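See structure below.
Counting starts at 1 for both ligands and their atoms, following the listed order. In this text, all values refer to a predicted model and were calculated from it rather than measured experimentally.
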Amino acid sequence: MNIRKRIEKLREEINNHNYHYYVLDEPLIPDVEYDRLMRELRELEEQHPELITPDSPTQRVGAEPVEAFGTVRHEAPMLSLDNAFSDEEVQAFHRRVCERLGLEDVEYTAEPKLDGLAVSLRYEGGVLVSGATRGDGYTGENITQNVRTVPSIPLKLRGKGIPPVLEVRGEVYMTRSGFEALNARQRKAGEKTFVNPRNAAAGSLRQLDPRVTAERPLAIYCYGVGVVRGWTLPERHSLMLEQLKAWGLRVSDEIRVVRGVEGCLRYYRDMQARRDKLDYDIDGVVYKVDLFSQQDALGFVSRAPRWAIAHKFPAQEALTRLLAIDIQVGRTGALTPVARLEPVFVGGATVTNATLHNEDEIHRKDVRVGDTVVIRRAGDVIPEVVSVVRERRPPGAAPFKMAGRCPVCGADVIRNEGEAVARCTGGLFCPAQRKEAIKHFASRKAMDIEGLGDKLVDQLVERGLVNNVADLYSLTQEQLAGLERMGEKSAANLIAAIENSKETTLARFLYALGIREVGEATALSLASHFGNLPALMEASEETLQSVPDVGPVVAAHIHAFFRQAHNREVIERLQQAGVHWPDLQVHRATDLPLQGKTFVITGRLDTMTRDEAKARLQALGARVAGSVSRKTDYVVAGEEPGSKYDKALALGIDILDERALSDLLQS
Ligand code: I6G
């Protein structure tokens with residue numbers, strides 16, 4: 001084959017792999033094979049520089065740094081969107097749309113609104129010729145050399161009917177995982193870190209040196225078009241997006257067509273619930289009237305379309321003042337610094353405490369009492385202190401110093417080499433550790449003792465009624481009824497709940513013991529591997545390491561736990577009190593029933609959480625993956641499944657509903 005042909009073939013093949021990887025999220029070949037193709041193309045182009053074209057996949061990072069960005073005039077202005085901050089505002093928007101159109105109902109496309117940087121990409125003859133920021137909507141900065149380095153932005157469109165001129169609008173963003181990795185790299189290199197993925201994306205895209213941009217983990221989702229020549233748009237916005245995707249542009253697969261305001265609000269709630277599980281930040285969703293004829297009839301007011309609205313999520317970050325740093329002692333003695341804050345409304349709730357993680361984090365962020373701090377509260381996760389507004393630091397604010405003694409029991413505090421966590425050495429003599437161990441034992445996923453809440457455990461320990469978990473089983477109704485906020489009835493209920501908890505499973509019991517590093521999934525693995533408690537208690541570290549998910553550190557913790565006379569005694573007393581479980585048939589890794597099978601779970605399950613389903617499948621030997629591919633054997637689809645369900649259908653993968661999953665787990 002002649003060289004020119006080989007080069008063209010390689011470019012076509014690489015572009016096709018890029019499309020499958022970035023746009024369809026279905027890589028066709030392993031990375032090493034892709035790298036081999038790129039290497040071959042690079043070598044051929046080096047030998048024949050006259051054959052290099054700007055749209056070659058090797059030419060993403062080509063240009064030299066610039067002094068300043070030039071400007072680009074947007075031929076079609078980049079508009080802004082009106083915002084809605086409540087359901088009522090969305091209802092009002094929908095009412096206006098229906099009234100103007102004289103219709104009872106309307107279909108919308110609902111899309112996630114990414115927290116990134118809006119860009120406009122211009123393709124001429126299918127080749128990327130310019131990239132610009134939004135700027136003031138009419139003129140933006142010319143960031144062509146930088147957008148070229150973003151791997152999911154095609155340098156050349158693919159497929160049929162590509163228009164001579166096509167301006168594509170989209171949001172460039174940084175994934176959360178990419179952001180964490182970038183910050184870790186920056187920290188290691190002693191460079192400045194970024195506050196959030198949005199700032200990191202904006203900063204990266206506005207680098208004067210495109211080689212720096214190329215190092216940053218950026219991606220794009222396209223959501224619309226500007227000027228188009230030589231293409232008659234389809235009837236609907238949703239169909240237009242499908243066509244963009246077919247031309248190789250990356251479009252979110254979270255986009256749905258919904259009916260009316262109910263459909264919009266259902267979508268909003270679904271995205272809000274799943275928001276934390278996405279690998280990118282979204283600050284709301286956008287609804288757009290789907291039919292272009294209706295969009296045209298609605299038109300614009302000033303600079304915003306009447307046919308679209310952004311429905312924002314409550315802000316997840318806010319400023320407040322740090323009043324104090326307290327130290328909390330956890331179940332394993334870990335000392336966690338907690339920020340006490342002036343109350344602030346963030347992420348839909350009032351926050352008064354936030355985690356500061358550990359001593360190193362406090363020093364890294366240089367957090368001091370009296371500082372004005374940025375608080376972030378995302379979904380159900382514990383609010384955290386993100387950063388400090390240094391300009392507002394009061395004079396005399398002193399750097400944080402970790403206590404040398406446990407604030408609860410006064411025992412020495414140690415910090416093991418290589419660990420970020422400082423620990424109280426008081427063990428179960430420390431009332432704080434004792435309380436936490438009991439709370440964990442009683443918790444829902446452990447022994448599930450309903451009604452034994454945190455405040456009650458505090459009282460039981462403080463009054464000396466309960467010193468360890470075995471003492472719970474000798475509590476009397478009279479003792480309980482004497483406690484604060486405890487009536488006869490609730491005391492009787494609690495006694496019944498304690499009695500009920502005696503019938504349990506080995507996995508729950510192991511989890512309840514609170515052995516370090518033994519979470520639910522590991523407890524399940526241990527239970528199904530050993531089948532009974534004596535076998536586990538006598539296992540060597542080496543044997544323990546043969547259990548799936550158990551490495552040397554976890555094995556050492558388990559082994560050490562069962563060597564302690566105190567722990568063996570408590571277990572003995574628990575069993576004497578009547579705590580029992582059925583022993584299990586022992587399965588070896590090789591004969592577990594779901595060994596070698598890969599599952600993916602999507603949608604909401606009613607009878608168990610997704611984590612629980614995952615742990616139970618894993619205990620039977622299955623692998624549970626995060627995304628669907630040809631290697632997936634089964635997709636478990638709950639209520640309102642996501643795009644994984646569609647993908648499973650497209651690939652012809654077996655789909656199990658919740659009932660089928662339950663049957664499978666029980667059989
Ligand atoms: O800024 C935006 C983000 C997302 C948008 C947008 C969008 O759709 C998902 N859509 C339009 C029409 C505009 N800005 C003007």
Side-chain angles (χ1 to χ4, degrees), residues 74-85 90 93 96-97 106-122 131-141 143 147 152-153 166-174 197-198 201-202 205 218-228 233-234 236-245 249-258 263-264 267-268 270-272 274-275 278 280-313 643:
H74 300 303
E75 207 180 318
M78 288 183 80
L79 304 162
S80 48
L81 289 176
D82 275 342
N83 291 320
F85 295 97
V90 177
F93 161 78
R96 287 194 300 274
V97 165
V106 171
E107 278 189 330
Y108 298 93
T109 37
E111 318 176 28
K113 186 168 189 308
L114 270 82
D115 212 358
L117 200 75
V119 297
S120 181
L121 307 172
R122 189 176 169 101
T133 61
R134 183 204 294 266
D136 64 4
Y138 298 95
T139 313
E141 282 177 317
I143 51 162
V147 296
S152 51
I153 296 182
L166 175 67
E167 269 179 17
V168 181
R169 305 278 156 86
E171 198 88 357
V172 169
Y173 67 96
M174 191 175 284
R198 199 205 106 80
L205 211 47
L218 297 172
I220 192 167
Y221 275 128
C222 301
Y223 58 70
V225 293
V227 165
V228 178
L233 261 58
R236 289 171 178 272
H237 175 74
S238 50
L239 296 176
M240 186 263 292
L241 293 177
E242 270 179 34
Q243 181 59 67
L244 293 185
K245 187 167 175 178
L249 292 154
R250 191 157 175 263
V251 173
S252 165
D253 48 30
E254 299 291 349
I255 297 175
R256 302 282 179 274
V257 176
V258 299
C264 290
Y267 179 82
Y268 176 87
D270 177 51
M271 288 308 292
Q272 194 175 25
R274 293 192 301 113
R275 167 185 201 191
L278 303 174
Y280 45 84
D281 285 352
I282 59 175
D283 58 0
V285 301
V286 178
Y287 315 123
K288 296 178 184 169
V289 170
D290 199 32
L291 274 169
F292 283 130
S293 57
Q294 295 178 348
Q295 287 190 5
D296 292 342
L298 289 160
F300 297 83
V301 251
S302 63
R303 291 175 54 192
R306 280 207 192 88
W307 41 263
I309 198 158
H311 189 182
K312 297 300 240 351
F313 295 139
S643 58

Exercise. Could you tell me the separation between the CD atom of Q295 and the NZ atom of K288, rounded to the nearest 0.5 Å?
Key: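 One finds 8.0 Å between CD of Q295 and NZ of K288.
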Quiz prompt | Heavy-atom donor-acceptor pair, R306 side chain to V301 backbone, under 3.5 Å | solution = no
For ligand 1, run through the N/O pairs with the protein that fall under 3.5 Å and put one pair on each line.
{"from": "ligand 1", "atom 1": "1 (O)", "to": "R134", "atom 2": "NH2", "distance (Å)": "3.2"}
{"from": "ligand 1", "atom 1": "8 (O)", "to": "K288", "atom 2": "NZ", "distance (Å)": "2.9"}
{"from": "ligand 1", "atom 1": "10 (N)", "to": "K288", "atom 2": "NZ", "distance (Å)": "2.9"}

Self-check item: Distance-minimising heavy-atom pair for R250 and A219
Solution: NH1-CB, 3.8 Å
Quiz item: Below 6.0 angstrom between ring centroids: does that apply to Y267 and Y287?
Solution: no
Exercise. Sort out for me which residue in I255, V257, L291 forms a side chain to side chain contact (heavy atoms under 4.5 Å, CB included) with S238.
Key: V257
Practice problem: Hey, can you tell me if Y108 and F93 have their rings parallel, tilted or perpendicular (30° and 60° cut-offs)? | Solution: tilted
